[in-house]
K.L.:
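Handing you this structure, nothing more for now.
Counting starts at 1 for both ligands and their atoms, in listed order.
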Amino acid sequence: MVRVNYLATLLSLPLAAVALSKTPLTLQELRKQIRPQGAQTLSERQTETTAKYPAFNISVPIDHFHNDTIYEPHSDGFYNMRYWFDAQNYKPGGPVIVLCAGETSGVGRLPFLEKGIVAQLTQATNGIGVILEHRYYGESWPVKDLSTPNMRFLTTDQALADTAYFAQHVKFPGLEHLDLTSATTAYIAYGGSYAGAFVAFLRKLYPETYWGAISSSGVTEAIWDYWKYFEAAAVFAPTGCAETTQKLTNVVDNILLAKKKDTKLVSQVKQAFGLPNVTADADFASSINSGIYSLQGYNWDPEAGSTEFFVYCANVTSDSVLYPATEPLRERVGELIEAGGWGNESKTLTNRMLNYIGYVRGETVATCDNEDQDQCFGTANSAAGGEDFAATDISQTWRSWPYQYCTQWGYIQTGDTPEGVLPLISRTIDLEYGSAICKTAFNLTKPADIDAINKHGGFGISYPRLAIVDGEWDPWRAATPHALGLADRVDTLDEPFKLIAKAVHHWDENGLFPNETTAELPPTAVVEVQKAEAHFVQKWMQEWKLEQARRSIASLS
Ligand SMILES: *[C@@H]1O[C@H](CO)[C@@H](O)[C@H](O)[C@H]1NC(C)=O
Ligand SMILES: *[C@@H]1O[C@H](CO)[C@@H](O)[C@H](O)[C@H]1NC(C)=O
Ligand SMILES: *[C@@H]1O[C@H](CO)[C@@H](O)[C@H](O)[C@H]1NC(C)=O
Ligand SMILES: *[C@@H]1O[C@H](CO)[C@@H](O)[C@H](O)[C@H]1NC(C)=O
Ligand SMILES: *[C@@H]1O[C@H](CO)[C@@H](O)[C@H](O)[C@H]1NC(C)=O
Ligand SMILES: *[C@@H]1O[C@H](CO)[C@@H](O)[C@H](O)[C@H]1NC(C)=O
Ligand SMILES: *[C@@H]1O[C@H](CO)[C@@H](O)[C@H](O)[C@H]1NC(C)=O
């Protein structure tokens, strides 16, 4: 299987458009993307979908908050925010279902209009489906370039205000004769991941404009040091996978982070993994962790995700040697395990480490054909890196999400587990390393202002007609109201609270055409949750009709 680079996963995964991928992207991943060969190509199916749905613009204010000094100098201008819609299921009285596209081009979300959650909800309610692009993504640019000062209008609050403005002002082309604004029509928002948190806040901040919202894998709690990204893998990975990864990571860390660092051992461990020329220890450590990182990319639809996580786990839990080419390393690996403090378990760990090495060599090392491996795997201060991050022209679309997590959201994924808990990625991957891009790209040196997000309710957010839907195995679960350790909530039609068993990241978002379903796909848990969503949105529409009747009676008297 071709190894997808992470920004490509973030932006153009064929169907599910997995968001918040391996966030934050390390400089190394961003660099892979910036290179020409990293350019994304839309899958054929996506191109077909794009052709079916023309894009439209709505003109919205660049600056909704002239009262807030953080946006100085203010702007009185307007910009074009892009959207798509599908009215084939529309009947008078039906709602507008707005899928907020979140931190990626809206194009990646188009499949949901015809066969994912949006199609299902519009069919259930005679609604109009909309994909609404978020400012500073895709083609919705309020500014001419992406210099740090020009990023100032990229806050979640401004984007939420855009989304309210859309509902209050939109005139759908071809349907201009109808008033389909929120004054007369129910608006229901759906979002997955960042957009999931986004629609939860939207419902709470603009309850008069958005009648309901479904927050799927909504990361409503912003967290600066998000070491808990790996909690789901630690708890739910196939037997032995997390334990082996922890022990082998600890072997590496005990060498890289030894009080009396033995440089010979350090080069031996890098050499063993086939990465002898990666200079920075954290860059090396970051280059060997793609396997345990791949849980998020798992989707029930093989076209929309990958099963790489299970392939990796099968590799590191196998007790037979899977890569005969690693056999000559046996003795050296034994020494490294000993030096790394796990000599007492070298009987089982040696073959597993050989398999891990074989996996990394095949999946990661082989993707680099430059003998200066820092060109492929190096980051922050490597001679080759810096200048790419200085570029601020409008084509530098990678800048938007890092800007958002550097300033407001955090989610720096580190190996900073509490003492006594072995991390699944190296402790060399710390806050300083993970947030290096904030300084390099934006000259930002302070932690994100997570209060700007958590003021909306964080883990505790709740609101009438706000549904919270999460995946049991999602690495982002630890930032949602379903985080392990939080009290369970009652699941009601008014405030649905659903955990999809054995599911990962917003598994209710994508769907299949009836002619594509099989006995196994979609899995029952997904079918059930999507049915439940259609059901509670129908219920919300009944309430809407009552409310409309009440309002018209009130206006008569
Ligand atoms: C929407 O706005 C963008 C940017 O201003 C522009 O390039 C594009 O042509 C517009 N699209 C339509 C359909 O008007
Ligand atoms: C600006 O006005 C909005 C309402 O439009 C309000 O919610 C917000 O708190 C105000 N911000 C400041 C900094 O006063
Ligand atoms: C080990 O990983 C490779 C991919 O790197 C895969 O092709 C192979 O099937 C895996 N082996 C097992 C036993 O799962
Ligand atoms: C081996 O050593 C490690 C590290 O000291 C320890 O945590 C682990 O429990 C030991 N394993 C066994 C099987 O005794
Ligand atoms: C590491 O660098 C040396 C010296 O430039 C080069 O000969 C060697 O091929 C490089 N090794 C790898 C695996 O890139
Ligand atoms: C970075 O920020 C510091 C402190 O705010 C400032 O003095 C410096 O000029 C900035 N550098 C760049 C390149 O913008
Ligand atoms: C399956 O159904 C969809 C939607 O009705 C249609 O566009 C597509 O052509 C069908 N595919 C096949 C292989 O019949």
Side-chain angles (χ1 to χ4, degrees), residues 1-4 15 44-53 86 88-89 110-116 118-120 122-123 129 237-255 257-258 273-274 287-295 297-298 301-303 306-326 334 336-367 417 419-423 427 510-518 521-522:
M1 203 195 109
V2 181
R3 185 164 180 270
V4 271
L15 279 171
E44 260 171 48
R45 287 169 69 176
Q46 206 166 342
T47 312
E48 277 169 29
T49 316
T50 313
K52 250 184 247 176
Y53 294 108
D86 185 336
Q88 63 173 312
N89 299 316
L110 289 182
F112 310 136
L113 268 185
E114 56 175 3
K115 61 182 188 175
V118 181
Q120 294 172 11
T122 58
Q123 284 156 15
T239 310
C241 181
E243 293 79 356
T244 304
T245 303
Q246 284 168 328
K247 289 173 188 177
L248 296 180
T249 300
N250 193 239
V251 165
V252 171
D253 273 2
N254 284 340
I255 292 169
L257 294 167
F273 279 94
S287 304
I288 65 173
N289 70 19
S290 72
I292 200 69
Y293 245 118
S294 55
L295 174 56
Y298 174 44
D301 180 358
E303 300 253 4
S306 98
T307 51
E308 192 56 28
F309 185 70
F310 303 98
V311 172
Y312 163 76
C313 283
N315 268 245
V316 297
T317 55
S318 172
D319 291 313
S320 12
V321 175
L322 300 176
Y323 304 91
T326 60
L336 291 169
I337 290 172
E338 182 75 40
W342 288 83
N344 59 345
E345 295 189 23
S346 66
K347 205 159 168 284
T348 44
L349 288 179
T350 304
N351 280 1
R352 291 183 178 205
M353 184 147 168
L354 287 171
N355 293 339
Y356 182 23
I357 286 169
Y359 178 86
V360 169
R361 285 181 176 231
E363 294 295 309
T364 302
V365 180
T367 62
T417 52
E419 233 187 284
V421 180
L422 288 179
R427 286 195 191 277
N510 54 304
L512 298 173
F513 286 128
N515 60 11
E516 295 172 332
T517 58
T518 64
L521 298 181

K.L.:
Nearest 0.5 angstrom please: T517 OG1 to N515 CG, how far?
P.N.:
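These two atoms lie 8.0 Å from each other.
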K.L.:
What I want to check is whether the side chains of R427 and T417 have a donor and an acceptor closer together than 3.5 Å.
P.N.:
yes
K.L.:
Run the numbers for me: atoms of ligand 4, each under 4.0 Å from some heavy atom of W342, listed by number.
P.N.:
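Result: 3 (C), 7 (O), 8 (C).
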K.L.:
Is the number of heavy atoms from other residues, nucleotides or ligands within 6.0 Å of NZ (K347) greater than 12?
P.N.:
no
K.L.:
Quick check on contacts: which atoms of ligand 7 are under 4.0 angstrom from a heavy atom of N515?
P.N.:
1 (C), 2 (O), 3 (C), 8 (C), 10 (C), 11 (N), 12 (C), 14 (O)
K.L.:
Among all the protein's heavy atoms, is there at least one whose distance to atom 2 (O) of ligand 7 comes out below 4.0 Å?
P.N.:
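Given the 4.0 Å cut-off, atom 2 (O) of ligand 7 counts as touching protein heavy atoms.
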K.L.:
Atom 12 (C) of ligand 3: which protein heavy atom is closest, and how many Å away?
P.N.:
N315 ND2, 3.7 Å
K.L.:
If you have a sec, work out which protein heavy atom is nearest atom 5 (O) of ligand 4 and how many Å separate them, to one decimal?
P.N.:
G341 O, 4.3 Å
K.L.:
Does any non-hydrogen side-chain atom of N351 lie less than 4.5 Å from one of S320?
P.N.:
no
K.L.:
At a 4.0 Å threshold, what atoms of ligand 3 neighbour a non-hydrogen atom of E363?
P.N.:
4 (C), 5 (O)
K.L.:
Can you confirm, on distance only, whether ligand 4 has an N/O atom lying under 3.5 Å from any N/O atom belonging to N344?
P.N.:
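Yes, since at least one N or O of N344 sits under 3.5 Å from an N or O of ligand 4.
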K.L.:
Looking only at the side chains, is there a donor atom on one of Y312 and T245 sitting less than 3.5 Å from an acceptor on the other?
P.N.:
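T245 and Y312 do have a side-chain donor-acceptor pair below 3.5 Å.
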K.L.:
Show the atoms of ligand 3 that are less than 4.0 angstrom away from any heavy atom in Y323.
P.N.:
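The list of qualifying atoms is 1 (C), 2 (O), 3 (C), 5 (O).
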K.L.:
Determine, using ring centers only, whether Y293 and F309 are less than 6.0 Å apart.
P.N.:
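No, the ring centres sit 6.0 Å or more apart.
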K.L.:
Show the atoms of ligand 4 that are less than 4.0 angstrom away from any heavy atom in E345.
P.N.:
1 (C), 8 (C), 10 (C), 11 (N), 12 (C), 13 (C)
K.L.:
Please state which protein non-hydrogen atom is closest to atom 6 (C) of ligand 3 and give its distance, to 0.1 Å?
P.N.:
V311 CG1, 3.7 Å
K.L.:
Flag the pair Y356 / I288 as yes when at least one side-chain heavy-atom distance between them is below 4.5 Å, and no otherwise.
P.N.:
yes
K.L.:
I want to confirm something. Looking only at heavy atoms, which of S318, A314, G358 is nearest to atom 14 (O) of ligand 3?
P.N.:
A314
K.L.:
Check A237 against A242 and note the closest heavy-atom contact, atom names and distance.
P.N.:
CB-N, 4.3 Å
K.L.:
Within a distance of under 4.0 Å, is there any protein heavy atom near atom 9 (O) of ligand 3?
P.N.:
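False for atom 9 (O) of ligand 3.
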K.L.:
State the atoms of ligand 3, each with its element, that fall below the 4.0 Å cut-off from a heavy-atom position in Y359.
P.N.:
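Matching atoms, with element in brackets: 2 (O), 5 (O).
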K.L.:
Assess the side chains of D86 and Y53: does a donor N or O sit below 3.5 Å from an acceptor N or O?
P.N.:
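Their side chains do contain a donor-acceptor pair, which is all the 3.5 Å distance test asks for.
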